[in-house]
Amino acid sequence: MIIKEDSVLTQREAPSETFILNLGPQHPATHGVLRVKMTMDGEFVTRAEPVCGYIHRMQEKMAENRTYAQYLPNTSRIDYLSAMTYTHAFVGVVERAAKLQVPRRAEYIRVITSELNRISSHLVWWGAFLLDLGGFTPLLYAFDDREKILDLLEGVTGARLTYAYYRIGGLYNDVDDAFLNGTRAFVAHMRPRLKMYRELVTENIILRKRLVRIGMVTDQMCRRYGASGPVIRGSGVPYDVRKAEPYSAYPDFDFDIPCFTEGDSMARYLVRLEEIAQSLRIIEQALDRLPSGPVMAEKVPRVLKLPVGDYCYAVEAARGRFMVRLVSDNKEIPYRLKLRTPCLSNLSLFEEASQGMLLPDALAFMGSLDLVIPDIDR
Amino acid sequence: MNTSLPGQTSTNPQPVNSAPNTAAPVAPVLPPVGLEFLTRSTLPFQTVDYALKGYHLDANVGSDKVVAAAVELNREGFALDTITGVDWLAQNQMEVVYDYFHPLTGLRVVIRSKVARENPEFPTISTVYPGAAWHEREAHDFFGIRFSGHPNLIPFLLPEDATYHPLRKDFAP
Amino acid sequence: MEAQDEQLLKDCAPFVRFSKLDELLNLGRANSLWPLTFGLACCAIEMMAAGASRFDLARFGAEVFRPSPRQADVMIVAGTINKKMASAVKTLYDQMPEPKWVIAMGNCAISGGPFVFPGQYAVVEGVDKLFPVDVFIPGCPPRPEALIEGILKLEEKLTGKRRWPVVKPE
């Protein structure tokens, strides 16, 4: 919202002073340790400068000190809410460079667990976003559904949040009938819940007033900042790495890419809720057509050395495009591992897009970008 | 896999159906689309095996040409993916790799550039791609690469008063 | 006189208790620990899950997470402490009024966690390098039940008694 020329504010003497408000590293609404230095003109933001690095955990430096197998648990901790997809990118780049054939059953199970992870990540986003906007109840509903997913994944992987389930060449262990039946039951349970969420929250007039036409982001802005995921799909561009650079078993499945053209926070909100529905579709198809067979490739070398060169692998994480760029010099440890994370590119447009916004609108906009700060700081 | 340039005939591999065995490729290799811009391009692109490397086109340019490359790719509608610094200690060089992706066609393009390792300097592309500002700050943090013309080259991930560059190969804390 | 007092105590035992004021205050503090919202990284999600519907910290009086350190009793340090963040953490600890306690949740808060390697430059190896810690909860991340057990241990430290019996695995 820009101050209009004939508004009451400009009829009075316009304030000649701005003050700096520090949205400090410890804040309930920043979803992690993000500091934003906001230059404020009353209630309006004239400049918002994010300061990052408060959770910089040296992920890229650690990669130069660990073998490929030793580094695998780190990948779960970059963006812990969609940890499976990040591990998928890392094992994908190593398998691509080493030319390993992953069995079909392993690919299908990777897709099922990645999509379950995507749903649980979107549920956490949904609960936390509405908590920022002032509603406490949806957090409890969302976490209840999320616990069902975590039970399923814990039965298979042993972990609730930071799974290290995938291995280079396949999976750690196979899934059992309890997982398959439980996942089917979860899909049947989740669809009516989505309907309930739509009636309870999405069609709520207060939510609409807070999100519609707030935080406008154009597709050109997304392109020039490299924003991806629901940010670019809420601005009219149907870019999804699962369709643009197909990987794993995704070409076998039939799913849509939700895309809205308004470019406001409501569009990004609806993209994520629609993505949960599409993930349920993918999971159903994968369960129906799950092939039998081994879950680990044969002849994965115990000491893995990749040929000299650089390799990339991109996946669609819950927050956008996650790409791993690996430079290898034929040693057991990588020479350079670059993690291209979606939240860094998504947040970089905050400074330009938030000029002139009211402070609560700026916070609603930041929530709609779905940030996880260790993803930015790595 | 398709390694042909536009204008030449190429085979279209089909995605492999799921089968209950292990001998199937991991992902289908689709032919890259949107390659028409190569006819207008002045950059020395080489086609790359996507199934092995994960990107379609690769160009090695001098450090003075990176801004022109960014201008051209911006005109063609590419989005900035990331900017990576690589420290080649043995060859006494510092490399910067610019990754781009096209949101409409999915095409992946890499521009790379090497300079000498002492006082590495590159012109900034943040006038063309504003998102590059943060990536260049991070490359400066980790490697000490100076980006001339950058509006705000202060530490991004390291503390504000940091003077060290941790991802250099000769870094010792 | 003594025998009469003892008889009086026995008669009114169902209705009246006699104790020291300290014990009453400690009981009140233990039953209503108000945590500071200080989730830094992955452990924060398990802290949120502990406060959400299934694991429900509200049963133990600890669901009211305060954003401001001035209103909080216990700082649950959930996540990795960075050298850039360390001064902010210390400031928050100093701003909390006495009596205050600290729970170090997760391996990163205990000792730097999985991010310690020779040549590391950014992580503070454990929050007890900055200020004293009362309870350590290991795990990466610890389960919400582990966080609840840590809060019960803190209550035991305050009152000297444990509120619930330890669950024995079958």
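Quantities reported herein were computed from a predicted structural model and do not represent experimental measurements. Chain A is the first sequence line, chain B the second, and so forth, proteins listed ahead of strands; every chain is numbered from 1.
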Applying a strict 4.5 Å limit to non-hydrogen atoms, the region of Y335(A) in contact with chain B is both
D254(A): partners by side-chain contact (heavy atoms from CB on, under 4.5 Å), with sequence neighbours left out: R281(A), Q285(A)
Just distance, no hydrogens or angles: give the donor-acceptor pairs under 3.5 Å from side chains in residues 126-133 of chain B, sequence neighbours left out.
from: S126(B); atom 1: OG; to: T124(B); atom 2: OG1; distance (Å): 2.8
from: Y129(B); atom 1: OH; to: N74(B); atom 2: N; distance (Å): 3.2
from: Y129(B); atom 1: OH; to: F78(B); atom 2: O; distance (Å): 2.8

Using a cut-off of under 4.5 Å for heavy-atom pairs, which of L326(A), T341(A), D310(A) has the most such pairs with chain B? D310(A)
Residues in residues 86-93 of chain A near chain B [non-hydrogen atoms, under 4.5 Å]: none
Which residue pairs pass the side chain to side chain donor-acceptor pair (under 3.5 Å) test when at least one of the two sits in residues 58-69 of chain B, sequence neighbours left out? D58(B)-R112(B)
Tell me which of these, M323(A), M221(A), R224(A), K99(A), has more heavy-atom pairs under 4.5 Å with chain B than the rest. R224(A)
Rounding to 0.5 Å, atoms CZ (R137(B)) and OG (S348(A)) come to a distance of 11.5 Å
Do K61(A) and F142(B) pass the side chain to side chain contact (heavy atoms under 4.5 Å, CB included) test, and can you show the C-alpha distance, the side-chain angles, and the key distance before you say yes or no? CA-CA 9 Å; K61(A) 179 79 182 175; F142(B) 286 159; over 6 Å; no
For chain B, find which of R325(A), H56(A), E352(A) contributes the most heavy-atom pairs closer than 4.5 angstrom. R325(A)
Name the region of L349(A), side chain, backbone, both or neither, that has any atom closer than 4.5 Å to a heavy atom of chain B. neither
Between D99(B) and R340(A) (salt bridge meaning N to carboxylate O under 4.0 Å), is one present in this structure? no
Test E95(B) against R336(A) for salt bridge (Lys or Arg N to Asp or Glu O under 4.0 Å), laying out the working first. CA-CA 12 Å; E95(B) 184 184 17; R336(A) 171 90 168 98; over 6 Å; no
